[in-house]
Q: 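Can you read through this structure? Questions will come right after.
All figures in this text were calculated on a predicted structure; none of them were measured in a lab.
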Amino acid sequence: MAALVNCFSWDANVASKQEDADEDGENINKEIEDIEEQLYVQKCEVAYEVDDEILQQNVGISIKQEIPAEAELEFVDDNRDETEGKKPVTPQALPFRKLLSQADALDWTLMALGTLGSIVHGLAQPVGYMLLGKALNAFGNNINDTDEMVKALKKVVPYVWYMAFATFPAGILEIGCWMYASERQVSRLRLAFLKAVLSQEVGAFDTDLTSGKIISGISSHMSIIQDAIGEKLGHFLACFATFFGGVLIAFISSWEVSLLALFVVPMILAIGATYTKKMNAISATRMSYLSEATATVEQTISHIKTVFAFAGENLAIKSFVECIERQLGISKNEALIKGIGTGMFQAVTFCSWSLIVWVGAVVVSAKKSKGGDVIAAVMSILFGAISLTYAAPDMQIFNQAKAAGKEVFQVIIRKPKIYSNSQGKTVDQINGNIEIYDVHFSYPSRKEIMILQGFSLSIPAGKVVALVGSSGCGKSTIISLITRFYDPIKGEILVDNHNIKDLDLKSLRRNVGLVSQEPSLFSAAQMANAHSFISQFPDHYLTEVGERGVQLSGGQKQRVAIARAILKNPPILLLDEATSALDTESEKLVQAALETAMKGRTVILIAHRLSTIVNADIIAVVENGKVADTGTHQDLLYTNEFYHNLFTMQNIDTRVEDSTEGTASIQTQISSRYLDQPATVTESYTSFTLSPKKEEPHEEREMFIFFRIWSGLKKREIVKISIGSFAAAFAGISKPVFGYFIITIGVAYFKDHPKHRVEKYSIMFSMIGFLSLFAHTLQHFFFGVIGEKAMKNLRQNLYSAMLRNELAWFEKPENSVGSITSRVINETSTVKTIISDRMSVIVQCISSIVIATAVSMKVNWRMGLVAWAVMPCHFIGGIIQAKSAKGFSSGSTAAHSELVSLASESATNIKTVASFCQEEHVIQKAKTTLKKPMMKSRVESIKYGIIQGVSLCLWNIAHAVALWYTTVLVDRNQATFENGIRSYQIFSLTVPSITELWTLIPTVFSAISVLTPVYQTIDRQTEIDPDSPKNSPCESLKGDIEFQNVKFCYPSRPEITILDSFSLKVEAGSKVALVGPSGAGKSSVLALILRFYDVSEGRVLIDGKNIKKYNLRNIRARIGLVQQEPLLFSCSIRDNICYGCEGASEAEIIQVSRDANIHEVVSNLPRGYDTMVGEKGSQLSGGQKQRIAIARALLKRPAIMLLDEATSALDAESESSVINALESLKLSTTYVTVAHRLSTVINSDAIVVMDKGKVVEMGSHSTLTAATEGVYSRLSRLQSITRN
């Protein structure tokens, strides 16, 4: 009968808790895989132990504790600006009840039923101990009368069956009710969070509401909260029911022993708390290093073109290795503390047992209690206390949930500074009169820098007003203020004599159309000249644009955005560089369409190309945040020096009005074009629906990978693993030894001189405890350190191998930024899981099983066979719980990924969502996406509830059968009560090891399957080897470039030909410009010069030598690149300029900054060159980012300079100074420029006109314009450009 007690306590709680720990780890891992490019949620490796020892569970907890620690810090930081001018936020933790604030009546009913199920589940354990005591008393009271003993035992057996059947409905209620109630509540919480995010003013997204905070809030934070208020809360209540039920039964059975046990319990709990605290501290530090490594990987992969172009692979690898080296150092301490902590717990537990059972012998000798009552009291108290340690992980989850909830509710209760006021005025018709009076403004993220300083301007209804000025003067800020993305610090803005603060926000925005400089797409078009290129896609208007429109070129995204604004038909139209990304033809057609749409509307127009604004009714010159002058184009040309200089630099002929005459003929000359594949890494979620071809023609076998993991270890590390294995095998003897002696002690209480008999067993218990301390320390230290080293080596090899791949590999759907980051950080962690956690436990389990089977059969072979016979009850129960936990977690995480994607895209494009008043549409879409997870949760809560009930019932049925068969053996004189129950107890305590072994081995192979793509990536032979040939110096590179009959298709779209029989020769030191419509293949030419891709046919020669013959890293170091969309790293301005030239001096940095016209801007910043640019340069304007990118390229002093729309984001003055700097860089530098503005290329030695991947015209500017019927000549007249 003792089997009933110990087996239940060790089996059920340990196994169920372990599976919970595994589930938590997998949940967190899944979140990271599902949420691409959000690096703030980078968060956890698999939960550690699958062992049944208590403190090994705490290891898993400490890892997960890392999230709330970060969250709480982030909360404090983010809240600093938010609390200004408001009541201070108290530092108190969020009350747990606040997490239940979304519950309705049905949820409270479900939670009440779940609580009932948890209590019944928890009480089953102490009731089992009470029945054990009854069985031992039945034996002891009739020790000399077998018949009476059998009768007494038969009276106990039915109650064990009753208990088994009672746990079935309890399991259903516990899991089913808590699971479904939590899904219902968190579903409402997700919607409330998303609604709160969308209701915030745009300024909040510059400071408090970062992308990472929003994504983690709606994904990982919600998962933690759902876990806490669902199954973990039910399990926590069951553990406390076990503890309080155990205390009650213990005091009823033997209050003397119970008091002693209560004194011992705090010592055990103190050790556990100390251990957990130390592990939490180490894990938090280790997690910060992991976060740095994750950010490094994400940043490198998302900027892979820049990394390749500047030969920054080695720098990226060095930075990554430094992060993981620091993690390796603290992991040694972690492994040591883990081993000592687990061993100390074992030692203290066994020593406590030895003391308490000896005191029990004293109480029995004094005839103050019966032996059975003493055992019942001891077991109830100690295992009740152990149930508190099972609840400790739940309490950690609660702390995480409260920290996560604090983040979530901070957003939900945050009152936006600009919000849709239901009492605001709703104007039926807006005419479009706009008055701006003495407006002062600074951005919330940089309050010390004033953007507008007394800006005043009157805009009559129906007039077109253009704003011109240098970058950073405040032009785009005016548009943001009119749409009320921000409110001015001082002054006011009136629309039709109504202060816009008094108008209903949505009503205002519905009447304002906006096209921004950097268009944001989610998923209207002929009027904006978009119909022609859309019609070429296979799915036409149903084509997916990809996440943030990455499947379209810059010009195509801009045209779709313009179509969207035209479709809105607003009385006020705001155009912020609306045609900056368009080629000349499209710009002119779209400009004509916009002019048609402008009629009868008030239009505010911002453009650096003066050709697009010369016909404006009013042109306002903005300088230093003020309107310096206003007038028409002709007026300002003669009265304003600044405007005159801009005009002179762009050489614009005022006869622009007549330039539309050639539009039709050009439309026929320049035919429909193909989509020029953007070089951006594809990150679209929709792309995952494709069926990518596998890299390797064969799959590596799992066993081969398993041995490959070990083959990478050195001889010294193999020795350490062997020592750890011996220690793990020795640690496995504790369970069968415990099972043997605890029953022996229980029987000894009823024999003569119990005190003397029990003394020697007490000493044995203490010895086992101290030996366990030694064994566990060696086991966990050696396995932990070797596992960490193996993980570190694999991460380094994988990262290095990835950066050797060609650019096309990164553009494949399966190699998006998120999936690559997950592969490097998360999938490689399975190596440590296999070595440190799984293998050590497997060795320990095998040891326990072998020893227990031998000893059990030796004590009584009949009961040993029965123990094996009922083993499937334990086994099936454990397997069912493992599978149910794994199945539910994976389904839930995947189901909510669609909502996370929606929230991410909405937050990133918040200006677009707000300006088009699409908040309610996003909310409705979110509700739709939540319906499927809700229906799935309803079915699964019932299914897994039944599974839980069955598994609990099976545990107890096994004990009932064992007690019944012991009675049968005693009745038949085939075994004594002592040997019968002892034989079963030895084996039953080891059954969890069988279950663990069965579940661990598949998890090892599952982990190996995760590693399969990792090793495939490492083994992959890159198609463009950056290190071959080894010796190919490029110091003397002249700069001759030649394309010979080149045919080229992007690997991701081989059916579309980009370059067709393309031939071109560029002499060293010459300046060549590539012009033509979007999709003509201009940017592709630059990509081939950098050898981002290899040509399908033909050759690319540099200095007369095939580019394939050069060492790729060496030649890229001699080529400069400035892209159309500048990509900066999340570091200081200095580090960005020095990227690829780390040894540059301060003087060189300042000189190239002056050349790029950025030095003055940087010098005026509070921290100068040490100013952090923010994530992907978010703290800088488009022009500032572009100038830093130009400075970075200038610092290389390249032999070849490639400029892909390098000055498109600059104002005319900056553009002119940068062009002069580029031209004076080096007489021998070869320039290849791609530009839509012909004014930037008129001084080129040769201008190459491209269309459909071919050269259609070539010559100097004067030669090409002289051919009046030529394509370039027509393009030139469209832009009204003449030479000085």
Q: Is any side-chain heavy atom of Ile430 closer than 4.5 Å to a side-chain heavy atom of Pro570?
A: no
Q: For the atom pair CD1 (Ile619) and OG1 (Thr630), what is the distance rounded to the nearest 0.5 Å?
A: 10.5 Å
Q: Say you draw a straight line from CZ of Arg509 to CD1 of Ile572; how long is it, rounded to the nearest 0.5 Å?
A: 13.5 Å
Q: Return the CD1 to CG distance between Ile604 and Leu457, rounded to the nearest 0.5 Å.
A: 7.5 Å
Q: For Glu201 and Phe485, which heavy atoms make the closest approach, and how far apart are they?
A: CB-O, 4.3 Å
Q: Quick check for you: to the nearest 0.5 Å, what is the distance between Ile434 atom CD1 and Leu574 atom CG?
A: 7.0 Å
Q: Kindly indicate whether the side chain of Tyr486, heavy atoms from C-beta on, has any atom under 4.5 Å from the side chain of Ile451.
A: no
Q: Please tell me if the side chains of Leu452 and Leu481 come closer than 4.5 Å, counting only heavy atoms from C-beta onward.
A: yes
Q: Is it true that a side-chain atom of Asn499 and a backbone atom of Lys501 form a donor plus acceptor pair closer than 3.5 Å?
A: yes
Q: Using side-chain heavy atoms (C-beta onward) and a distance below 4.5 Å, is Leu636 in contact with Val468?
A: no
Q: Could you give the distance from CZ (Phe441) to CD1 (Ile493), rounded to the nearest 0.5 Å?
A: 9.5 Å
Q: Please confirm whether the backbone N or O of Arg414 pairs with a side-chain atom of Gln200, one donor and one acceptor, at under 3.5 Å?
A: yes
Q: Can a donor-acceptor pair be found, under 3.5 Å and without considering hydrogens, that links the side chain of Asp617 to the backbone of Val465?
A: no
Q: Taking side chain as C-beta onward, heavy atoms only, is Arg1187 less than 4.5 Å from Val1161?
A: yes
Q: Please check this pair: side chain of Lys475 against backbone of Gly469, looking for a donor-acceptor N/O pair closer than 3.5 Å.
A: yes
Q: Dump the intermediate steps for side chain to side chain contact (heavy atoms under 4.5 Å, CB included) on Tyr437 and Lys490, then the final yes or no.
A: CA-CA 9 Å; Tyr437 294 119; Lys490 179 183 175 184; over 6 Å; no
Q: Ignoring hydrogens, what is the shortest heavy-atom contact between Ala196 and Ser199? Give both atom names and the distance.
A: O-OG, 2.8 Å
Q: Mind running side chain to side chain contact (heavy atoms under 4.5 Å, CB included) on Asn433 and Thr602 for me, showing each step along the way?
A: CA-CA 7 Å; Asn433 286 300; Thr602 303; over 6 Å; no
Q: To the nearest 0.5 Å, how far apart are CD in Gln453 and CG in Asp438?
A: 11.0 Å
Q: Look only at the side chain of Thr632 and the backbone of Ile618, and say whether a donor-acceptor pair between them is shorter than 3.5 Å.
A: no
Q: Quick one: closest heavy-atom pair of Ala466 and Ala616, and the distance?
A: CB-CB, 3.9 Å
Q: Using only heavy-atom distances, determine whether the side chains of Tyr443 and Thr477 contain a donor-acceptor pair under 3.5 Å.
A: yes
Q: Are more than 12 heavy atoms from other residues, nucleotides or ligands located less than 6.0 Å from atom CG of Asn624?
A: no
Q: Check each of Val1122, Asp1155, Ile1158 against Ile1190 using the side-chain contact (heavy atoms from CB on, under 4.5 Å) test, and report the only one that passes.
A: Val1122
Q: List the steps, then state whether side chain to side chain contact (heavy atoms under 4.5 Å, CB included) holds for Lys925 with Leu902.
A: CA-CA 8 Å; Lys925 191 172 181 181; Leu902 175 65; 3.9 Å; yes
Q: Would you say CD of Gln924 has more than 12 non-hydrogen atoms from neighbouring residues, nucleotides or ligands within 6.0 angstrom?
A: yes
Q: Restricting to non-hydrogen atoms, name the atom on Lys626 and the atom on Gly454 that form the minimum distance, rounded to 0.1 Å.
A: CG-O, 4.2 Å
Q: Measuring only between side-chain heavy atoms, which start at C-beta, is Ile1133 closer than 4.5 Å to Leu1165?
A: yes
Q: How about CD on Glu1160, more than 12 heavy atoms from neighbouring residues, nucleotides or ligands closer than 6.0 Å, or not?
A: no
Q: Flag yes if more than 12 heavy atoms outside Asn1164 fall under 6.0 Å of its CG atom; otherwise flag no.
A: yes
Q: Distance-only, no hydrogens or angles: does the Asp629 side chain make a donor-acceptor pair with backbone N or O of Val621 under 3.5 Å?
A: no
Q: Taking Glu435 for the side chain and Leu494 for the main chain, is one N or O donor matched with an acceptor at less than 3.5 Å?
A: no
Q: If you compare all heavy atoms of Thr1265 against all heavy atoms of Ser1273, which two are closest, and at what distance to 0.1 Å?
A: O-OG, 3.4 Å
Q: Write down the atom of Val439, the atom of Glu492, and the distance for their closest heavy-atom approach.
A: CG2-O, 3.9 Å
Q: Answer yes or no: is there a donor N or O on one side and an acceptor on the other, between the side chain of Asn640 and the main chain of Phe642, under 3.5 Å?
A: yes
Q: Report yes if the side chains of Ile482 and Leu508 come closer than 4.5 Å at any heavy-atom pair, otherwise no.
A: no
Q: In the structure I gave you, are the side-chain heavy atoms of Leu637 and His633 within less than 4.5 Å of one another anywhere?
A: yes
